[in-house]
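The structure displayed is predicted, hence computed values, not measured ones. Both ligands and their constituent atoms are indexed starting at 1 by order of listing.
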Amino acid sequence: MVATNDRTVTVFGGTGFLGRRIVRHLRSHGFRVRTASRHPDRGHRLFGPDEPQLQSVGANIHDERSVAEALAGAYGVVNAVSLYVEHGRETFHSVHVESARRVAAQALRASVDRLIHISGIGADTASQSRYIRMRGEGELAVRAAFGDALFVRPAVMFGPDDAFLTTILRLLRQLPIYPMFGRGLTRLQPAYVEDVAEAIGRTMQRAETPSTIFEFGGPRVYSYEEFLGAVAHQAGLAPRLIPIPFAVWHALAWASEMFPSPLLTCNQVQLMQIDTVSSPEMPGFVELGISPHSVEAIIQKMLSNCK
Ligand SMILES: NC(=O)c1ccc[n+]([C@@H]2O[C@H](COP(=O)([O-])OP(=O)(O)OC[C@H]3O[C@@H](n4cnc5c(N)ncnc54)[C@H](OP(=O)(O)O)[C@@H]3O)[C@@H](O)[C@H]2O)c1
């Protein structure tokens with residue numbers, strides 16, 4: 001049975017891949033949860049009809065009034081809204097900087113105690129990648145608006161329904177020859193999405209509030225080539241991994257972006273050129289008492305799901 005308390009946490013993006021797990025883990029820590037997204041019907045499909053402990057509301061983080069309404073009376077807020085591909089007025093700047101600032105400013109105005117902003121490992125205002133630069137600027141904008149904000153930077157996350165490992169598994173099964181990004185040397189440290197959601201639940205419960213950046217990476221750092229090899233081994237496959245220069249990927253992404261729903265974007269290619277590994281100086285799973293799951297421990301469940 002879930003313990004209860006009277007504290008409400010609003011989760012913007014609470015229907016997303018990470019957000020829906022954050023909602024469940026906050027509930028298991030006893031919080032009342034208000035899931036806020038542009039499509040509250042998805043919240044109802046995921047979590048059932050509204051009840052006092054768990055409600056789904058419509059809110060758009062670009063709209064000040066709907067943000068304020070979603071935050072009314074809340075003890076805490078988590079911003080787990082994403083944007084991976086820019087389109088029209090939905091830009092990395094508008095979502096990850098301007099609207100992140102809006103959520104933080106409205107949280108201060110609503111006297112919210114605890115704000116957790118989800119960013120990403122490597123967020124850096126000096127990066128060559130516009131996406132990563134905007135994540136860095138977003139963190140600064142949030143901290144300027146809400147001094148005690150907590151920041152969560154996950155590494156790439158995996159779990160059932162993900163866009164990362166599920167895609168790799170599907171392609172490994174379909175392609176006898178697997179084209180790698182570059183020579184497969186980029187380093188990554190995939191984190192299990194449930195571990196990250198549990199970490200956010202524990203962070204919300206902690207009594208102390210100084211602004212902190214947490215970085216959450218899984219138990220093992222792989223090169224991209226090692227990672228593909230480990231996944232293929234678990235799936236009982238032996239593909240040939242072929243290096244493809246990044247210049248070729250950039251050309252493919254450029255062509256792909258001419259279509260309405262690009263299969264590959266320049267941003268994705270840029271991200272595959274950058275290591276995403278947690279920094280040993282930053283607090284992470286260990287400080288929250290969590291032993292993160294390995295890819296190998298979770299993959300069998302995912303394999304049976306994507307047969
Ligand atoms: N997935 C990863 O591997 C990964 C790795 C590192 C960091 N992160 C970060 O983790 C966070 C969550 O990522 P995710 O992969 O879980 O995202 P996701 O699955 O794409 O979910 C995004 C959520 O945001 C909501 N949303 C989008 N635009 C909105 C808006 N304007 N107003 C209100 N809600 C909006 C979506 O619902 P509606 O469309 O219904 O509004 C959905 O609930 C992001 O900050 C992402 O950058 C993710």
Side-chain angles (χ1 to χ4, degrees), residues 10-25 33-47 56-71 77-103 106 116-123 129 131-136 138-139 142 151-168 188-197 199-200 213-218 227 267-268 271-272 274 276-278 284 295:
T10 300
V11 182
F12 289 99
T15 56
F17 170 63
L18 173 62
R20 75 184 79 137
R21 272 106 174 171
I22 296 174
V23 168
R24 294 195 179 111
H25 283 260
V33 183
R34 195 180 291 149
T35 297
S37 70
R38 293 167 301 179
H39 305 95
D41 48 309
R42 284 191 198 141
H44 293 130
R45 279 202 296 278
L46 280 167
F47 307 116
S56 298
V57 300
N60 186 333
I61 61 164
H62 299 307
D63 174 47
E64 195 125 323
R65 199 162 130 192
S66 73
V67 170
E69 283 172 5
L71 288 172
V77 54
V78 181
N79 181 356
V81 169
S82 76
L83 182 77
Y84 297 114
V85 181
E86 297 183 300
H87 41 90
R89 290 164 66 181
E90 294 275 302
T91 62
F92 296 145
H93 190 264
S94 75
V95 171
H96 294 309
V97 184
E98 285 171 33
S99 292
R101 180 192 292 117
R102 177 172 303 111
V103 169
Q106 288 299 324
I116 300 180
H117 176 77
I118 314 296
S119 180
I121 282 188
S129 147
Y131 176 77
I132 294 177
R133 233 173 25 246
M134 293 306 124
R135 299 310 318 240
E139 289 186 359
V142 168
F151 296 89
V152 163
R153 294 176 174 173
V156 63
M157 288 179 283
F158 65 91
D161 314 320
D162 67 3
F164 165 63
L165 190 46
T166 306
T167 309
I168 290 179
L188 61 160
Q189 190 182 7
Y192 182 37
V193 62
E194 296 288 348
D195 291 334
V196 176
I200 290 164
I213 299 177
F214 292 92
E215 291 198 346
F216 297 122
F227 183 70
N267 180 50
Q268 284 169 328
L271 289 177
M272 283 312 301
I274 299 164
T276 45
V277 173
S278 63
V295 172

Candidate with minimal heavy-atom separation from atom 14 (P) of ligand 1, of F216, Y84, F164:
Y84
Residue, atom name and distance, where the atom is the protein heavy atom closest to atom 37 (O) of ligand 1:
T15 OG1, 3.5 Å
Nearest non-hydrogen protein atom to atom 17 (O) of ligand 1, with distance, is S82 OG, 3.1 Å
Using 4.0 Å as the upper bound for N to carboxylate O, is an ion pair formed by R38 and D63?
no
Looking only at protein heavy atoms, what sits closest to atom 4 (C) of ligand 1 is M157 CE, 3.3 Å
Residue and atom name of the nearest protein heavy atom (relative to atom 23 (C) of ligand 1), distance in Å to one decimal
G13 CA, 3.6 Å
Within ligand 1, which atoms have a heavy atom of I118 less than 4.0 Å away?
9 (C), 10 (O), 11 (C), 45 (O)
Assign the ring pair F151 / H117 to parallel, tilted or perpendicular, where the plane angle (0 to 90°) is split at 30° and 60°.
perpendicular
With atoms numbered from 1 as shown, which atoms in ligand 1 lie under 4.0 angstrom from a non-hydrogen atom of A59?
32 (N), 33 (C)
Does any N or O atom in H96 lie less than 3.5 angstrom from one in ligand 1, N or O only?
no
Have a look at V156, D63, L18 and point out the one with the heavy atom closest to atom 16 (O) of ligand 1.
L18
Shortest protein contact, atom 29 (C) of ligand 1 (heavy atom only)
R38 NE, 3.4 Å
I'd like the name of whichever of P40, P154, S119, G19 reaches closest to atom 9 (C) of ligand 1 through any heavy atom.
S119
For atom 40 (O) of ligand 1, what's the nearest protein heavy-atom neighbour? Residue, atom name and distance, please.
H39 ND1, 2.6 Å
Under a heavy-atom criterion of less than 4.0 Å, does R135 contact ligand 1?
yes
Would one find an N or O of G16, backbone or side chain, under 3.5 Å from an N or O of ligand 1?
yes
Of all the heavy atoms in A155, does at least one lie under 4.0 Å from an atom in ligand 1?
yes
